[in-house]
Amino acid sequence: MRNVARVVMTVLLIVVLGSGFRWLYINRAQFMNTESALPGATAVAAVWTTTLPDHTGKTYDLSQVKGKPLILNFWATWCEPCRDEMPEISELASQHPEIVVLGLAIDEAAAVHEFVESTPVSYPLLIAENEGMPLAELLGNNKGVLPYTVIISAQGEVTHIFFGRVNRQMLQKALNL
């Protein structure tokens with residue numbers, strides 16, 4: 001009887017694993033795709049209508065940066081890769097004041113305030129809370145990952161999107177610096 005149960009369990013395991021691998025094979029494009037179509041004018045228009053506070057409560061109207069090259073970096077205090085990329089983004093922002101860099105925290109104000117106390121950055125960190133992920137999704141983050149970085153040209157077009165951690169070289173190349 002034990003041998004029969006063992007054979008049945010082995011067959012079931014093979015069927016389940018085979019079905020899983022088959023599903024992954026059929027849907028592999030969804031998981032292998034590292035690029036996404038760049039968002040259009042409607043998505044960028046949503047950026048210009050967004051107003052967010054920073055950790056001190058000062059309000060930023062994103063329409064004020066319209067007409068300038070813009071790096072939007074969606075991040076969170078609990079996200080290790082987000083925190084890892086910040087020094088390089090901060091250095092780039094310091095050396096290129098002609099480029100606007102904004103960090104949109106998918107986080108609570110208190111967490112961002114505590115983060116800024118221990119890790120100062122050279123660019124504004126805005127509190128996007130619940131608004132942040134829908135805006136990121138509208139701007140092409142169809143994977144729901146953080147960090148997520150969007151580059152918008154001075155002409156108001158999304159030129160690059162990055163899923164996951166970015167570094168200075170990636171941003172410089174995207175911005176032709």
Side-chain angles (χ1 to χ4, degrees), residues 35-77 79 81-117 119-177:
E35 295 184 15
S36 182
L38 294 176
T42 305
V44 177
V47 171
W48 307 140
T49 62
T50 301
T51 302
L52 297 170
D54 69 5
H55 70 283
T56 66
K58 179 182 176 188
T59 302
Y60 282 80
D61 182 354
L62 273 58
S63 68
Q64 293 175 350
V65 299
K66 192 174 184 178
K68 299 176 184 175
L70 173 63
I71 298 173
L72 284 179
N73 178 251
F74 293 86
W75 69 288
T77 59
C79 169
C82 300
R83 294 190 314 265
D84 288 346
E85 70 183 1
M86 287 181 125
E88 290 185 69
I89 296 172
S90 188
E91 186 178 334
L92 181 94
S94 294
Q95 293 181 347
H96 294 280
E98 72 279 8
I99 298 169
V100 177
V101 179
L102 298 174
L104 277 62
I106 313 300
D107 222 323
E108 296 177 356
V112 176
H113 182 71
E114 186 178 316
F115 175 82
V116 170
E117 293 295 316
T119 313
V121 296
S122 65
Y123 55 93
L125 299 177
L126 308 180
I127 314 299
E129 288 184 342
N130 296 333
E131 276 183 69
M133 283 312 281
L135 181 60
E137 194 173 307
L138 189 62
L139 288 168
N141 189 353
N142 58 2
K143 300 174 194 290
V145 299
L146 290 177
Y148 179 67
T149 306
V150 179
I151 298 180
I152 300 174
S153 71
Q155 294 74 34
E157 297 173 345
V158 174
T159 60
H160 294 83
I161 58 174
F162 298 98
F163 295 96
R165 188 185 189 291
V166 294
N167 61 43
R168 186 175 175 170
Q169 292 75 25
M170 293 166 70
L171 295 173
Q172 286 175 321
K173 183 177 178 185
L175 294 162
N176 296 318
L177 299 176

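Here the structure is a predicted model, which is why all the values come from computation and not from measurement. Position 1 is the first residue of the sequence, and the numbers go up from there.
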In terms of heavy-atom contacts, Asn130 and Pro134 come closest through O-CD, 3.2 Å
Determine, stepwise, if the pair Asn73 / Val101 fulfils side chain to side chain contact (heavy atoms under 4.5 Å, CB included). CA-CA 8 Å; Asn73 178 251; Val101 179; 5.6 Å; no
Ignoring hydrogens and geometry, is there a side-chain-to-backbone donor-acceptor pair from Arg168 to Glu91 under 3.5 Å? no
Can you name the closest pair of heavy atoms from Ala76 and Leu146 and give their distance? CB-CD1, 3.9 Å
Just verifying a value: how many Å separate Leu175 CG and Ile99 CD1, rounded to the nearest 0.5 Å? 4.5 Å
As an exercise, state the distance from CG of Leu38 to CG of Leu139, rounded to the nearest 0.5 Å. 11.0 Å
Is there a side-chain contact between Leu125 and Met86, using heavy atoms and a 4.5 Å cut-off? yes
About how many Å separate CG of Leu104 and CZ of Phe74, when rounded to the nearest 0.5 Å? 5.0 Å
Can you tell me how far the CE atom of Met133 sits from the CD atom of Glu137, to the nearest 0.5 Å? 7.5 Å
Considering all heavy atoms, the nearest Ser153-Thr159 contact: CB-CG2, 3.8 Å
Between Leu102 and Tyr123, is any pair of side-chain heavy atoms under 4.5 Å apart? no
Is Val121 close to Ile89 at the side-chain level, that is, under 4.5 Å between some pair of heavy atoms? no
Rounding to 0.5 Å, atoms CG (Leu70) and CG (Leu72) come to a distance of 4.0 Å
Please report whether the ring centroid of Tyr148 lies less than 6.0 Å from that of Phe162. no
Pairwise side-chain contact, Trp48 with Val65, heavy-atom cut-off 4.5 Å (strictly under): yes
Where do Glu129 and Asp107 come nearest, in terms of heavy atoms and distance? CG-O, 2.9 Å
Heavy atoms only: give me the nearest Gly140-Ile161 pair and the separation to one decimal. O-CD1, 4.3 Å
Taken to the nearest 0.5 Å, the spacing of Glu131 CD from Leu138 CG works out to 12.0 Å
Any donor-acceptor pair under 3.5 Å from Arg165 side chain to Pro147 backbone: no
Compare all side-chain heavy atoms of Leu177 with those of His96 and state whether any distance is below 4.5 angstrom. yes
Beyond-backbone contact of His160 with Thr149, side-chain heavy atoms, under 4.5 angstrom: no
Looking at Glu88, I'd like to know if its CD atom is crowded, meaning that more than 12 non-hydrogen atoms belonging to other residues, nucleotides or ligands lie closer than 6.0 Å. yes
Indicate yes or no: at least one non-hydrogen side-chain atom of Glu114 is less than 4.5 angstrom from one of His55. no
Quick one: closest heavy-atom pair of Val112 and Ala105, and the distance? CG2-CB, 3.5 Å
Give a yes or no answer on whether the side chain of Glu85 reaches the backbone of Val166 with a donor-acceptor pair at less than 3.5 Å. yes
Compare all side-chain heavy atoms of Leu171 with those of Ile151 and state whether any distance is below 4.5 angstrom. yes
